[in-house]
Enquirer: 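For reference, the structure I am asking about is given below.
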Amino acid sequence: MTDLFNLKGKRALITGGTHGLGMAMAKGLGKAGAQLIINGHSEGRMENALAEYKREGLNVSSALFNVTNDAEVKASVDKIEKEIGPIDILVNNAGIIKRIPILDMDVTDFREVIDVDLVAPFIVSKHVGRHMVQRKAGKIINICSMMSELGRNTVTAYAAAKGGLKMLTKNMATEWAKHNIQVNGIGPGYFATDQTAPIRVDGHPFNEFIINRTPAGRWGNPDDLAGTIVFLASGASDFVNGQIIYVDGGILATIGKPSNEV
Ligand code: GCO
């Protein structure tokens with residue numbers, strides 16, 4: 001059975017893999033045997049990240065490119081395919097968030113979030129997908145969010161993008177499943193990362209709210225995603241198409257409870 005989850009001989013490209021959930025998921029794929037190709041846009045962060053991956057004995061190389069730039073993505077993907085080898089697994093994880101109420105949000109801010117969180121997964125998937133379709137094999141995993149299902153004050157652009165990403169996932173699965181390409185998504189709940197640090201401060205009302213709102217009674221640890229990403233990247237999910245797996249400690253399963261109820 002464990003062979004089903006074995007990623008030896010597979011190459012995985014992870015966008016936004018220099019920190020946070022992207023790094024945790026990449027490490028999970030690496031520990032299952034995959035060769036890692038880490039995308040990022042900051043040289044400094046990439047250097048630190050590569051050192052960390054190598055310290056953990058993982059087979060890793062870097063791919064610095066701007067995921068929102070169509071021509072740059074095409075050139076980078078073709079270069080990876082030529083110089084490193086076929087991309088078997090693509091993880092569209094790179095993402096940004098801007099917490100601004102609608103009435104105070106500039107259209108430029110809105111567009112920037114949509115560009116990174118929704119348009120970029122389309123761009124990267126299109127250029128990697130072209131090679132996967134030719135090879136009649138591939139795995140694509142889009143990192144969605146609670147905001148693919150739920151609204152929240154101040155994160156409108158992010159929610160619009162993550163809602164769109166859920167449907168982009170289903171539509172890519174519709175078009176590419178016949179080419180033996182499985183396209184699925186993961187919806188992380190509330191995880192302890194740099195991105196959530198501002199709302200996870202002790203005493204911050206949102207911190208208490210999440211701990212109370214999550215049946216598991218805690219924030220997620222990035223490593224909590226490793227098992228799910230290996231499942232969706234491996235032969236164990238060869239007949240799983242267009243699904244979003246929510247790894248959220250039960251948030252979406254419940255209406256929640258009053259804070260004084262145990
Ligand atoms: C927020 C958070 C969320 C989480 C995650 C939840 O401000 O609500 O940052 O966006 O990071 O996406 O699934």
Side-chain angles (χ1 to χ4, degrees), residues 14-26 28 40 45 67-68 91-106 109-122 141-170 184-229 232 243-256 259:
I14 301 96
T15 70
T18 60
H19 62 288
L21 299 184
M23 176 175 264
M25 290 184 284
R45 249 191 168 156
V67 290
T68 66
V91 181
N92 286 308
N93 163 76
I96 60 170
I97 191 168
K98 294 184 184 237
R99 301 185 180 96
I100 307 168
I102 297 170
L103 296 181
D104 306 334
M105 185 171 229
D106 289 345
D109 286 322
F110 188 90
R111 282 206 171 109
E112 194 189 340
V113 174
I114 298 292
D115 213 25
V116 177
D117 297 3
L118 179 56
V119 180
F122 165 75
I141 302 141
N142 294 326
I143 306 310
C144 299
S145 161
M146 293 291 94
M147 273 77 232
S148 299
E149 302 288 343
L150 302 174
R152 179 171 108 70
N153 289 335
T154 76
V155 295
T156 302
Y158 185 82
K162 293 297 186 179
L165 187 56
K166 176 178 78 175
M167 287 317 300
L168 177 63
T169 302
K170 291 177 185 283
N184 293 288
I186 293 178
Y190 279 85
F191 277 69
T193 64
D194 300 352
Q195 194 240 47
T196 58
I199 55 175
R200 191 166 33 84
V201 184
D202 270 348
H204 188 297
F206 197 77
N207 181 30
E208 312 310 319
F209 167 72
I210 285 298
I211 292 168
N212 186 55
R213 177 75 177 74
T214 308
R218 66 172 174 88
W219 288 75
N221 304 320
D223 298 347
D224 286 327
L225 293 171
T228 307
I229 193 93
L232 289 177
Q243 298 303 312
I244 315 293
I245 301 179
Y246 289 100
V247 183
D248 66 355
I251 288 181
L252 289 180
T254 179
I255 192 174
S259 51

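As a basis for the values below, the full set of heavy atoms in this structure was taken, side chains included, without hydrogen atoms, waters or symmetry mates. Just follow the structure's listing: the first ligand is 1, and inside any ligand the first atom is 1. Throughout, numbering of the chain's residues begins at 1 and tracks the sequence.
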Enquirer: Enumerate the atoms of ligand 1 whose separation from the nearest heavy atom of Pro188 is less than 4.0 angstrom.
Expert: 6 (C), 13 (O)
Enquirer: Considering non-hydrogen atoms only, spot the tightest contact between Ala226 and Gly28 and give its length.
Expert: CB-CA, 4.1 Å
Enquirer: Looking only at heavy atoms, what is the nearest atom pair of Tyr246 and Ser145, with distance?
Expert: CE2-O, 3.5 Å
Enquirer: Considering non-hydrogen atoms only, spot the tightest contact between Ala24 and Asp223 and give its length.
Expert: CB-OD1, 4.1 Å
Enquirer: Restricting to pairs with a member in residues 203-218, which pass salt bridge (Lys or Arg N to Asp or Glu O under 4.0 Å), not counting sequence neighbours?
Expert: Arg218-Asp224
Enquirer: Under 4.0 Å, heavy atoms only, figure out whether ligand 1 is touched by the backbone of Ile199, its side chain, both or neither.
Expert: side chain
Enquirer: At less than 4.0 angstrom from any non-hydrogen atom of Ser145, what atoms of ligand 1 do you find?
Expert: 5 (C), 6 (C), 12 (O), 13 (O)
Enquirer: Test your reading of the model: is there a side-chain donor-acceptor pair from Asn142 to the backbone of Asn92, 3.5 Å cut-off?
Expert: no
Enquirer: Among Ile141, Asn184, Thr228, find the residue that satisfies the side-chain contact (heavy atoms from CB on, under 4.5 Å) test when tested with Ile245.
Expert: Thr228
Enquirer: Just which atoms of ligand 1 are under 4.0 Å from any heavy atom in Thr196?
Expert: 9 (O), 11 (O)
Enquirer: N/O to N/O below 3.5 Å, does that happen between Arg152 and ligand 1?
Expert: yes
Enquirer: In the protein, what heavy atom is nearest to atom 11 (O) of ligand 1, and what distance, to one decimal place, separates them?
Expert: Gln195 OE1, 2.6 Å
Enquirer: Test your reading of the structure: does Ile97 have an N or O sitting under 3.5 Å from an N or O of ligand 1?
Expert: no
Enquirer: Ignoring hydrogens and angles, tell me if any N or O in the side chain of Arg200 forms a donor-acceptor pair with the backbone of Thr193 under 3.5 Å.
Expert: yes
Enquirer: Side chain or backbone of Asp248 under 4.0 Å from ligand 1, or both, or neither, by non-hydrogen atoms?
Expert: neither
Enquirer: Is there a nitrogen or oxygen of Gly189 sitting under 3.5 Å from a nitrogen or oxygen of ligand 1?
Expert: yes
Enquirer: Numbering the atoms of ligand 1 from 1, which are under 4.0 Å from a heavy atom of Tyr190?
Expert: 1 (C), 2 (C), 3 (C), 4 (C), 6 (C), 8 (O)
Enquirer: Output all residues satisfying side-chain contact (heavy atoms from CB on, under 4.5 Å) with Val155, sequence neighbours left out; order by chain, then residue number.
Expert: Ile97, Arg99, Met147, Arg152, Tyr158
Enquirer: Within a distance under 4.0 Å of any heavy atom of Met146, pick out the atoms of ligand 1 and give their elements.
Expert: 6 (C), 13 (O)
Enquirer: Which heavy atom in Trp219 sits nearest to a heavy atom in Phe191, and how many Å separate them?
Expert: CE3-O, 3.6 Å
Enquirer: N/O of Val155 under 3.5 Å from N/O of ligand 1, yes or no?
Expert: no
Enquirer: Taking non-hydrogen atoms only, is Tyr158 closer than 4.0 angstrom to ligand 1 via side chain, backbone, both or neither?
Expert: side chain
